[in-house]
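Below is one structure, written out as structure tokens; comments come after it.
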2 protein chains.
Amino acid sequence: MDDPRTGPSPTLRDVATEAGVSAATASRALNGSTRNVSAEKVALVLQAATKLGYAPNLSAQAIARGSTETVALIVHDIADPYFSSIAAGAIDGAEAAGLTVTMAVTGRSPERELEIVSTLRGHRPHAIILAGSRVGDDQTALADELRTYEAAGGRVAVVSQPGLPYGTVTVDNRRGAEDLAAALLAQGYRRFAVLRGPGRHRTSHDRAEGFRAGLARAKIDLAPGMVVETDFTEDGGHAAMTDLLGRGLAGVELVFAVNDVMAVGAVRALRDAGLVPGTDLAVAGFDDISAATDVAPALTTVGVPTHAMGRRAIDLALTGTDKGEVVWLPTNVILRDSTPPRDTGPARR
Amino acid sequence: MDDPRTGPSPTLRDVATEAGVSAATASRALNGSTRNVSAEKVALVLQAATKLGYAPNLSAQAIARGSTETVALIVHDIADPYFSSIAAGAIDGAEAAGLTVTMAVTGRSPERELEIVSTLRGHRPHAIILAGSRVGDDQTALADELRTYEAAGGRVAVVSQPGLPYGTVTVDNRRGAEDLAAALLAQGYRRFAVLRGPGRHRTSHDRAEGFRAGLARAKIDLAPGMVVETDFTEDGGHAAMTDLLGRGLAGVELVFAVNDVMAVGAVRALRDAGLVPGTDLAVAGFDDISAATDVAPALTTVGVPTHAMGRRAIDLALTGTDKGEVVWLPTNVILRDSTPPRDTGPARR
DNA sequence: ATGAAAGCGCTAACAT
DNA sequence: ATGTTAGCGCTTTCAT
């Protein structure tokens, strides 16, 4: 009937009383400064703490110390594998630094994002990590909010969203697409089409242009009608591919979709049209989501180190010195069965 | 040179001073009790707050009020689509209730889980949500930790982990597999094999046994060698399927893998063996992960409402009265091309 | 080495 | 309607 593990959370004072010492000593025993407290009392305090099931009130610590042990992570959609992988990396990094992660999702709404930054700021986190690529609209309100956070000593890092004046971890989409183009040329492909996303989307733009640039090096260019703008989704890829097929391929051998989900949609469209993906028409994507290896044929794509991006963002925020530092993480071309080597006989010069 | 948005975070006192009122009035103006403060001063305070970029120190609020506005979410692996979807649901639910989510991942380590619960307890969250199915080992330490948390007024809810004495949201794996079996029987299938996970894993067990029970209703049983135990992963599915093929199918028409990733592995194994999945051998899975529709042929499976599970867990924790209440969310059988209807001629009785 | 006391930013009686 | 005052749980001088 005197179970210590009952009632409201035990406080430091409870522990101190239980151990027969002052709160100050208890605090010292539990924290770093074990130095100035006798081994005997340390043992007593520790024992009392476990007996009572004591867990320090982090809010109280935060306010007394003037700093917290948390980092805030903001993503657009945690169910999206791209973001969940970034989140996993960020959480790893945070835990390695002994920090707890608080998280919020924007649902891709800029207003919501702003609101969230404001709320999160109230937690006084060590750092705020913003993950997600903006659609390119006005961000002054967000920038303001972040500025006052930073002015108060907060650290900010951004993942894949160059444009904000903070440490940024990103991937060279342009270069990745260029590399992909080169690899595909080496496989023997010469005639291409591109499925890209809505005009304003920066990532889409960079990838499409990078691909074009890669081809240009081999003096190959994209026929005007062969760049189709569509939704950044699987259905978008399906629709665009269907459209392309309807208009006639005109000799196109390979379709590059600016992301894997669109590519998967394109593959489905091919199959729906009675064609064999890979054989009748090659397909390549970008991102290397896990579905890329699940589809048949497995999808040639460009790997993006999402986990590493999350982790680096934490590092950048925590240790970063250079405000506007941009870390470019390398992508890697992954050739799979959706773009088999093409026999270009000696006839082709 | 006197930019207010500079230096350390402005405090309530700063706002009060700026507005020419007392801290108490500022507090009242900013919070609910707008009633007892003149509209005039409210305006003044609000104005001062925005001018200074004030964001209340949530830690201080928490300690003064004796309660926080956060809920803690613990998942095994946020990069796993199953958990990220649950997390998305939980975050939705939390935000609807005006709560911030703190998150930590266990990496499937029971020790880590324990450690995390202990740390998180320090945040004094409204509720702790535990997501993930235990492998069935000793959980007394965890139970202890949770008990003291609950004794202090914390709420606990568990997702898909029946066995802990807290509100639990789960899915009837047994029933889902039974339904699947019935649906497949209706499609005309009669001879089955099962790919299941390691023995102790409860989910795996329930699904395998449910499937067996479903077949038993039609007086069909699983040949002894036709239940293969393997890893709960894609490679596990691949290996088990390959093994099965090596030993001879003995007329088996359909393979049920207890989760989709294993099923995807099985599909790959079939293709590697030169067989056509769906046509030469039907395959069904469980979970309805997004990859299920990406593979070819699209995978017949049992849908699990992960998002809803996360959301319900929050509701349960926040409003739940009944300690040990268990919410069973319905699964749904989804027939796709990997299990085409089978023509069982009239010859078959 | 240890305790007493002040203070972190805020809220909530308690006055007025 | 508003200001004063006393905490909330903890850390950290400052004494001893």
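So that the names make sense, note that chain A is the first sequence line, chain B the second, and so on, each numbered from 1.
B/T11 meets the side chain to side chain contact (heavy atoms under 4.5 Å, CB included) test with B/R13, B/D14; sequence neighbours excluded. In this structure B/A152 satisfies the side chain to side chain contact (heavy atoms under 4.5 Å, CB included) test together with A/S9, sequence neighbours excluded. For B/E325, there are no salt bridge (charged side-chain N to carboxylate O under 4.0 Å, His left out) partners, not counting sequence neighbours. Checked against side chain to side chain contact (heavy atoms under 4.5 Å, CB included), A/V101 has the following partners two or more places apart in sequence or in another chain: A/L73, A/I91, A/A94. Under the side chain to side chain contact (heavy atoms under 4.5 Å, CB included) criterion, B/E115 pairs with B/R112, not counting sequence neighbours. Take B/T106 and apply the side chain to side chain donor-acceptor pair (under 3.5 Å) test, not counting sequence neighbours, and it matches B/H76. In this structure A/E150 satisfies the salt bridge (charged side-chain N to carboxylate O under 4.0 Å, His left out) test together with A/K323, sequence neighbours excluded.
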Below 3.5 Å is the cut-off: list the nitrogen or oxygen pairs between protein and nucleotides 3-6 of chain D, distance only.
{"from": "D/dG3", "atom 1": "OP2", "to": "B/S22", "atom 2": "N", "distance (Å)": "2.9"}
{"from": "D/dG3", "atom 1": "OP2", "to": "B/S22", "atom 2": "OG", "distance (Å)": "3.1"}
{"from": "D/dG3", "atom 1": "OP2", "to": "B/T25", "atom 2": "OG1", "distance (Å)": "2.7"}
{"from": "D/dG3", "atom 1": "N7", "to": "B/R28", "atom 2": "NH2", "distance (Å)": "2.7"}
{"from": "D/dG3", "atom 1": "O6", "to": "B/R28", "atom 2": "NH1", "distance (Å)": "3.4"}

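Contact check, A/N36 against C/dA1: a side-chain N or O comes under 4.0 Å of OP1 or OP2. Phosphate contact (OP1/OP2 of C/dA12, side-chain N/O of B/S27, threshold under 4.0 Å): absent. The shortest distance between the side-chain N/O atoms of A/T11 and the OP1/OP2 oxygens of D/dC8 is not below 4.0 Å.
Taking atom NE2 of residue A/H123 and atom C1' of nucleotide C/dG9, one finds them 15 Å apart after rounding to whole Å.
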N/O donor to acceptor pairs below 3.5 angstrom from side-chain atoms of residues 65-72 of chain A, sequence neighbours left out:
{"from": "A/R65", "atom 1": "NH2", "to": "A/Q61", "atom 2": "OE1", "distance (Å)": "3.4"}
{"from": "A/T68", "atom 1": "OG1", "to": "A/R124", "atom 2": "O", "distance (Å)": "2.5"}

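Counting only residues at least two apart or in different chains, salt bridge (charged side-chain N to carboxylate O under 4.0 Å, His left out) contacts with residues 78-93 of chain A comprise A/D80-A/R108.
At least one side-chain heavy atom of B/Y149 sits less than 4.5 Å from a side-chain heavy atom of B/V156.
Residue whose closest nucleotide on DNA chain D sits further toward the 5' end, between B/A39 and B/R124: B/A39.
A rotation axis mapping the C1' atoms of four pairs onto the next four is fitted at both ends of the helix from C/dA1-D/dT16 to C/dT16-D/dA1 over five pairs, and the angle between these axes is 40° to 10 degrees.
Listed by residue number, the members of residues 60-67 of chain B with any heavy atom below 4.0 angstrom from DNA chain D are B/I63, B/A64.
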